[in-house]
Amino acid sequence: MSPPPPPPRPPRPSWTAAAAWLWRITASLVHPIVLVFFLAAVFSRLSGDTVRAAYFGAVGLALAWDRASRRGHAAALAGANGRAGAAGRDELVLARVAAFSADSAERRRAATRPLLGPALLAGITYAVVVGAFPRYSVPATVCVTSLAAAAIVVAWRTSGEASGPAPRLRPAGLAAWALVAVGASALELVSLYLQPTLTTDSYAHPTLSYLADGILAAWPGRSAVIFGWLAFGWYLARL
Amino acid sequence: MSSHWLTVAGYLTFLALGTGLNVWAHRRPRSGIPTIGQVLARIMRTRTGRIAMVAWWAFIGLHLFSK
(Lines give C-alpha, C1' and ligand atoms only; values in the text may rest on other atoms or scores of the structure.)
Protein backbone atom coordinates (compact mmCIF):
# COMPACT_ATOMS: atom_id res chain seq x y z
CA MET A 1 0.00 0.00 0.00
CA SER A 2 1.48 3.32 -1.05
CA PRO A 3 1.69 6.20 1.48
CA PRO A 4 -0.84 9.04 1.06
CA PRO A 5 0.38 11.94 -1.06
CA PRO A 6 1.81 14.89 0.90
CA PRO A 7 -0.49 17.90 1.32
CA PRO A 8 0.08 20.67 -1.17
CA ARG A 9 2.53 23.31 -0.01
CA PRO A 10 1.16 26.81 0.54
CA PRO A 11 2.32 29.21 -2.12
CA ARG A 12 5.50 31.06 -1.19
CA PRO A 13 5.18 34.81 -0.82
CA SER A 14 6.52 36.29 -3.99
CA TRP A 15 8.37 39.54 -4.48
CA THR A 16 5.30 40.82 -6.26
CA ALA A 17 3.10 40.21 -3.21
CA ALA A 18 5.66 41.85 -0.93
CA ALA A 19 5.92 44.85 -3.23
CA ALA A 20 2.12 45.11 -3.38
CA TRP A 21 1.95 45.02 0.44
CA LEU A 22 4.66 47.69 0.70
CA TRP A 23 2.79 49.85 -1.78
CA ARG A 24 -0.46 49.44 0.14
CA ILE A 25 1.24 50.44 3.43
CA THR A 26 2.87 53.48 1.80
CA ALA A 27 -0.38 54.54 0.15
CA SER A 28 -2.22 54.10 3.44
CA LEU A 29 0.15 56.52 5.15
CA VAL A 30 -1.00 59.25 2.78
CA HIS A 31 -4.33 59.96 4.42
CA PRO A 32 -5.27 63.22 6.14
CA ILE A 33 -6.25 61.56 9.42
CA VAL A 34 -3.15 59.35 9.53
CA LEU A 35 -0.93 62.34 8.74
CA VAL A 36 -2.54 64.41 11.50
CA PHE A 37 -1.57 61.71 14.00
CA PHE A 38 2.01 61.62 12.74
CA LEU A 39 2.17 65.42 12.87
CA ALA A 40 0.91 65.31 16.46
CA ALA A 41 3.56 62.68 17.23
CA VAL A 42 6.31 64.89 15.79
CA PHE A 43 5.23 67.95 17.77
CA SER A 44 4.82 65.90 20.94
CA ARG A 45 8.35 64.54 20.51
CA LEU A 46 9.70 68.04 19.85
CA SER A 47 8.05 69.24 23.06
CA GLY A 48 9.76 66.45 24.96
CA ASP A 49 6.68 64.31 25.63
CA THR A 50 7.87 60.90 24.45
CA VAL A 51 4.87 58.98 25.82
CA ARG A 52 2.39 61.19 24.02
CA ALA A 53 4.49 61.01 20.84
CA ALA A 54 4.49 57.22 21.10
CA TYR A 55 0.70 57.19 21.57
CA PHE A 56 0.06 59.34 18.50
CA GLY A 57 2.64 57.45 16.45
CA ALA A 58 1.15 54.09 17.44
CA VAL A 59 -2.38 55.21 16.57
CA GLY A 60 -1.18 56.58 13.22
CA LEU A 61 0.68 53.38 12.39
CA ALA A 62 -2.27 51.22 13.51
CA LEU A 63 -4.65 53.19 11.30
CA ALA A 64 -2.25 52.94 8.33
CA TRP A 65 -1.79 49.20 8.88
CA ASP A 66 -5.56 48.74 9.18
CA ARG A 67 -6.18 50.65 5.96
CA ALA A 68 -3.52 48.60 4.17
CA SER A 69 -5.03 45.34 5.46
CA ARG A 70 -8.50 46.30 4.32
CA ARG A 71 -7.16 47.33 0.92
CA GLY A 72 -5.54 43.93 0.60
CA HIS A 73 -8.74 42.26 1.67
CA ALA A 74 -10.75 44.33 -0.78
CA ALA A 75 -8.34 43.36 -3.56
CA ALA A 76 -8.69 39.68 -2.64
CA LEU A 77 -12.47 40.05 -2.53
CA ALA A 78 -12.48 41.69 -5.92
CA GLY A 79 -10.45 38.79 -7.31
CA ALA A 80 -12.79 36.23 -5.75
CA ASN A 81 -15.83 38.11 -6.92
CA GLY A 82 -14.49 38.27 -10.41
CA ARG A 83 -14.66 34.50 -10.39
CA ALA A 84 -17.94 34.28 -8.48
CA GLY A 85 -19.78 36.81 -10.55
CA ALA A 86 -21.38 40.13 -9.92
CA ALA A 87 -24.29 38.72 -7.89
CA GLY A 88 -21.97 37.26 -5.28
CA ARG A 89 -19.91 40.44 -5.15
CA ASP A 90 -22.70 42.55 -3.71
CA GLU A 91 -23.47 39.99 -1.01
CA LEU A 92 -19.82 39.61 -0.04
CA VAL A 93 -19.24 43.33 0.15
CA LEU A 94 -22.37 43.89 2.18
CA ALA A 95 -21.37 41.10 4.53
CA ARG A 96 -17.96 42.67 5.14
CA VAL A 97 -18.95 46.24 5.89
CA ALA A 98 -20.69 47.52 8.97
CA ALA A 99 -22.84 50.38 7.80
CA PHE A 100 -22.42 53.81 9.30
CA SER A 101 -24.91 55.54 7.09
CA ALA A 102 -27.35 58.13 8.40
CA ASP A 103 -29.86 55.29 8.65
CA SER A 104 -27.57 53.17 10.84
CA ALA A 105 -26.81 56.21 13.00
CA GLU A 106 -30.53 56.52 13.64
CA ARG A 107 -30.68 52.85 14.61
CA ARG A 108 -27.68 53.30 16.90
CA ARG A 109 -29.32 56.29 18.58
CA ALA A 110 -32.56 54.38 18.99
CA ALA A 111 -30.68 51.45 20.54
CA THR A 112 -28.74 53.65 22.97
CA ARG A 113 -31.72 55.85 23.96
CA PRO A 114 -32.99 53.44 26.67
CA LEU A 115 -29.45 53.32 28.07
CA LEU A 116 -29.33 57.06 28.65
CA GLY A 117 -30.64 56.88 32.24
CA PRO A 118 -28.27 54.15 33.47
CA ALA A 119 -25.39 55.70 31.51
CA LEU A 120 -26.07 59.08 33.10
CA LEU A 121 -26.05 57.54 36.57
CA ALA A 122 -22.88 55.58 35.85
CA GLY A 123 -21.25 58.67 34.34
CA ILE A 124 -22.02 60.85 37.36
CA THR A 125 -20.74 58.15 39.73
CA TYR A 126 -17.58 57.68 37.68
CA ALA A 127 -16.97 61.44 37.50
CA VAL A 128 -17.46 61.94 41.24
CA VAL A 129 -15.29 58.95 42.22
CA VAL A 130 -12.46 59.51 39.73
CA GLY A 131 -12.55 63.27 40.33
CA ALA A 132 -11.81 62.61 44.00
CA PHE A 133 -8.39 61.25 43.05
CA PRO A 134 -5.58 63.74 42.43
CA ARG A 135 -4.53 64.19 38.81
CA TYR A 136 -1.80 61.84 37.60
CA SER A 137 -2.25 59.62 40.68
CA VAL A 138 -2.24 55.85 40.18
CA PRO A 139 -6.01 55.40 40.78
CA ALA A 140 -6.89 58.23 38.38
CA THR A 141 -4.48 56.85 35.78
CA VAL A 142 -5.90 53.33 36.08
CA CYS A 143 -9.54 54.49 35.87
CA VAL A 144 -9.08 56.83 32.90
CA THR A 145 -6.68 54.58 31.00
CA SER A 146 -8.99 51.55 31.40
CA LEU A 147 -11.98 53.43 30.03
CA ALA A 148 -10.00 55.01 27.20
CA ALA A 149 -8.48 51.68 26.20
CA ALA A 150 -11.87 49.96 26.33
CA ALA A 151 -13.38 52.63 24.10
CA ILE A 152 -10.58 52.25 21.53
CA VAL A 153 -10.93 48.45 21.54
CA VAL A 154 -14.70 48.70 21.05
CA ALA A 155 -14.27 51.25 18.25
CA TRP A 156 -11.63 49.06 16.60
CA ARG A 157 -13.77 45.94 16.75
CA THR A 158 -17.10 47.44 15.74
CA SER A 159 -16.27 50.20 13.27
CA GLY A 160 -16.78 49.69 9.57
CA GLU A 161 -17.04 51.68 6.41
CA ALA A 162 -20.20 53.52 5.43
CA SER A 163 -22.48 51.52 3.20
CA GLY A 164 -23.39 54.40 0.94
CA PRO A 165 -21.93 57.65 -0.32
CA ALA A 166 -21.45 60.30 2.33
CA PRO A 167 -23.60 63.42 2.22
CA ARG A 168 -21.57 66.15 0.57
CA LEU A 169 -20.56 69.10 2.68
CA ARG A 170 -19.64 72.31 0.91
CA PRO A 171 -15.88 72.89 0.78
CA ALA A 172 -16.32 76.52 1.87
CA GLY A 173 -18.19 75.38 4.99
CA LEU A 174 -15.54 72.80 5.81
CA ALA A 175 -12.83 75.39 5.21
CA ALA A 176 -14.47 77.68 7.78
CA TRP A 177 -14.28 74.94 10.43
CA ALA A 178 -10.75 74.01 9.37
CA LEU A 179 -9.68 77.65 9.84
CA VAL A 180 -11.04 77.70 13.38
CA ALA A 181 -9.38 74.36 14.25
CA VAL A 182 -6.03 75.23 12.66
CA GLY A 183 -6.06 78.73 14.17
CA ALA A 184 -6.71 77.45 17.69
CA SER A 185 -4.05 74.73 17.26
CA ALA A 186 -1.55 77.30 15.98
CA LEU A 187 -2.18 79.56 18.99
CA GLU A 188 -1.63 76.59 21.32
CA LEU A 189 1.62 75.69 19.54
CA VAL A 190 2.89 79.28 19.57
CA SER A 191 2.17 79.49 23.30
CA LEU A 192 3.95 76.20 23.85
CA TYR A 193 7.06 77.35 22.00
CA LEU A 194 7.10 80.74 23.73
CA GLN A 195 7.44 79.06 27.13
CA PRO A 196 10.89 79.29 28.76
CA THR A 197 11.36 75.62 27.93
CA LEU A 198 8.99 73.15 26.32
CA THR A 199 8.42 71.44 29.66
CA THR A 200 8.12 74.59 31.80
CA ASP A 201 4.73 76.28 32.05
CA SER A 202 4.53 80.00 31.50
CA TYR A 203 2.00 82.48 32.91
CA ALA A 204 2.84 84.91 30.12
CA HIS A 205 2.17 82.37 27.36
CA PRO A 206 -0.41 79.94 28.73
CA THR A 207 -1.29 76.75 26.90
CA LEU A 208 -4.75 75.25 27.23
CA SER A 209 -3.35 72.64 29.62
CA TYR A 210 -1.92 75.40 31.81
CA LEU A 211 -5.25 77.22 31.86
CA ALA A 212 -7.01 73.97 32.72
CA ASP A 213 -4.74 73.42 35.73
CA GLY A 214 -6.73 75.94 37.78
CA ILE A 215 -10.02 74.16 37.08
CA LEU A 216 -8.56 70.70 37.64
CA ALA A 217 -6.90 71.57 40.95
CA ALA A 218 -10.06 70.92 42.98
CA TRP A 219 -12.41 67.92 43.18
CA PRO A 220 -15.54 69.66 41.76
CA GLY A 221 -13.60 70.96 38.76
CA ARG A 222 -12.06 67.56 38.05
CA SER A 223 -15.43 65.82 38.34
CA ALA A 224 -17.08 68.37 36.05
CA VAL A 225 -14.36 67.98 33.41
CA ILE A 226 -14.48 64.18 33.64
CA PHE A 227 -18.25 64.27 33.23
CA GLY A 228 -17.87 66.55 30.18
CA TRP A 229 -15.30 64.14 28.75
CA LEU A 230 -17.70 61.22 29.23
CA ALA A 231 -20.60 63.18 27.74
CA PHE A 232 -18.54 63.99 24.66
CA GLY A 233 -17.66 60.29 24.32
CA TRP A 234 -21.34 59.39 24.54
CA TYR A 235 -22.11 62.00 21.88
CA LEU A 236 -19.45 60.55 19.58
CA ALA A 237 -20.74 57.02 20.12
CA ARG A 238 -24.17 58.08 18.88
CA LEU A 239 -22.95 59.86 15.73
CA MET B 1 -2.75 94.22 27.81
CA SER B 2 -0.29 91.58 28.97
CA SER B 3 0.68 88.65 26.79
CA HIS B 4 -1.20 86.36 29.20
CA TRP B 5 -4.51 88.05 28.61
CA LEU B 6 -3.76 88.47 24.91
CA THR B 7 -3.32 84.69 24.65
CA VAL B 8 -6.47 84.04 26.68
CA ALA B 9 -8.35 86.47 24.44
CA GLY B 10 -7.07 84.51 21.44
CA TYR B 11 -8.45 81.25 22.81
CA LEU B 12 -11.76 82.91 23.63
CA THR B 13 -11.90 84.36 20.12
CA PHE B 14 -11.58 80.93 18.55
CA LEU B 15 -14.14 79.54 20.99
CA ALA B 16 -16.53 82.33 20.06
CA LEU B 17 -15.86 81.78 16.34
CA GLY B 18 -16.63 78.07 16.67
CA THR B 19 -19.77 78.72 18.69
CA GLY B 20 -20.86 81.39 16.23
CA LEU B 21 -20.28 79.12 13.25
CA ASN B 22 -22.34 76.38 14.88
CA VAL B 23 -25.20 78.74 15.73
CA TRP B 24 -25.08 80.17 12.20
CA ALA B 25 -25.16 76.68 10.69
CA HIS B 26 -28.16 75.70 12.82
CA ARG B 27 -30.12 78.87 12.06
CA ARG B 28 -29.31 78.98 8.36
CA PRO B 29 -29.13 75.42 7.02
CA ARG B 30 -28.88 76.72 3.43
CA SER B 31 -25.81 78.81 4.15
CA GLY B 32 -23.51 75.91 3.28
CA ILE B 33 -21.87 75.98 6.71
CA PRO B 34 -22.20 72.54 8.32
CA THR B 35 -22.86 72.19 12.03
CA ILE B 36 -20.08 70.73 14.16
CA GLY B 37 -22.21 67.61 14.48
CA GLN B 38 -22.37 67.25 10.69
CA VAL B 39 -18.60 67.68 10.39
CA LEU B 40 -17.93 65.08 13.09
CA ALA B 41 -20.51 62.70 11.61
CA ARG B 42 -18.86 63.09 8.20
CA ILE B 43 -15.43 62.28 9.67
CA MET B 44 -16.83 59.28 11.54
CA ARG B 45 -18.50 57.71 8.52
CA THR B 46 -15.29 55.88 7.69
CA ARG B 47 -13.65 53.27 9.89
CA THR B 48 -10.41 55.25 9.95
CA GLY B 49 -12.21 58.43 10.94
CA ARG B 50 -14.29 56.72 13.61
CA ILE B 51 -11.32 55.08 15.30
CA ALA B 52 -9.32 58.30 14.99
CA MET B 53 -12.03 60.35 16.70
CA VAL B 54 -12.26 57.84 19.55
CA ALA B 55 -8.45 57.89 19.86
CA TRP B 56 -8.52 61.71 20.10
CA TRP B 57 -11.25 61.51 22.70
CA ALA B 58 -9.20 58.98 24.67
CA PHE B 59 -6.15 61.21 24.41
CA ILE B 60 -7.99 64.14 26.02
CA GLY B 61 -8.75 62.06 29.10
CA LEU B 62 -5.28 60.55 29.25
CA HIS B 63 -3.61 63.94 28.78
CA LEU B 64 -5.61 65.61 31.54
CA PHE B 65 -5.66 62.86 34.16
CA SER B 66 -3.23 60.01 33.47
CA LYS B 67 0.39 59.88 34.51
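So you know, we letter chains A, B, ... as the sequences are listed, proteins then strands, and number each from 1. Quantities reported herein were computed from a predicted structural model and do not represent experimental measurements.
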Taking side chain as everything from C-beta outward and backbone as N, CA, C, O, which of these in [X] sits under 4.5 Å from a heavy atom of chain B? Side chain, backbone, both or neither.
X       : value
S191(A) : side chain
A40(A)  : side chain
F133(A) : neither
I152(A) : both
L236(A) : both
Y55(A)  : side chain
L211(A) : side chain
I33(A)  : side chain
L194(A) : neither

Report the relative orientation of the aromatic rings in [X] and [Y]; use parallel for angles under 30°, tilted for 30 to 60°, perpendicular for over 60°.
X       : Y       : answer
F59(B)  : W56(B)  : perpendicular
W229(A) : W57(B)  : parallel
H4(B)   : Y203(A) : parallel

Shortest non-hydrogen contact between N22(B) and I36(B), atoms and distance: OD1-N, 2.9 Å
Closest contact, heavy atoms only, I43(B) versus T46(B):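 What the structure gives for the nearest pair is O-OG1, 3.5 Å.
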Winner by heavy-atom pair count (cut-off under 4.5 Å) against chain B, out of [options]:
options                            : value
A204(A), S137(A), A148(A), P134(A) : A204(A)
V225(A), I226(A), V59(A)           : I226(A)
A149(A), G233(A), A181(A)          : G233(A)
A140(A), P206(A), A212(A)          : P206(A)

Which bit of [X] is near chain A, if near means a heavy-atom gap under 4.5 Å: side chain, backbone, both or neither?
X      : answer
S31(B) : backbone
L6(B)  : neither
S2(B)  : neither

Sub-4.5 Å side-chain heavy-atom contact between W234(A) and L116(A): yes
Chain A contacts, top residue of I33(B), L21(B), L17(B) (heavy-atom pairs, under 4.5 Å): L21(B)
Choice from M53(B), Q38(B), H63(B) maximising heavy atom contacts with chain A below 4.5 Å: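 Looking at each of M53(B), Q38(B), H63(B) in turn, H63(B) comes out on top.
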From CA spacing to verdict: salt bridge (Lys or Arg N to Asp or Glu O under 4.0 Å), D66(A), R70(A): CA-CA 6 Å; D66(A) 183 61; R70(A) 283 182 294 118; 3.1 Å; yes
Donor-acceptor contact below 3.5 Å, side chain W219(A) vs main chain V128(A):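 Yes, because the side chain of W219(A) sits within donor-acceptor range (under 3.5 Å) of the backbone of V128(A).
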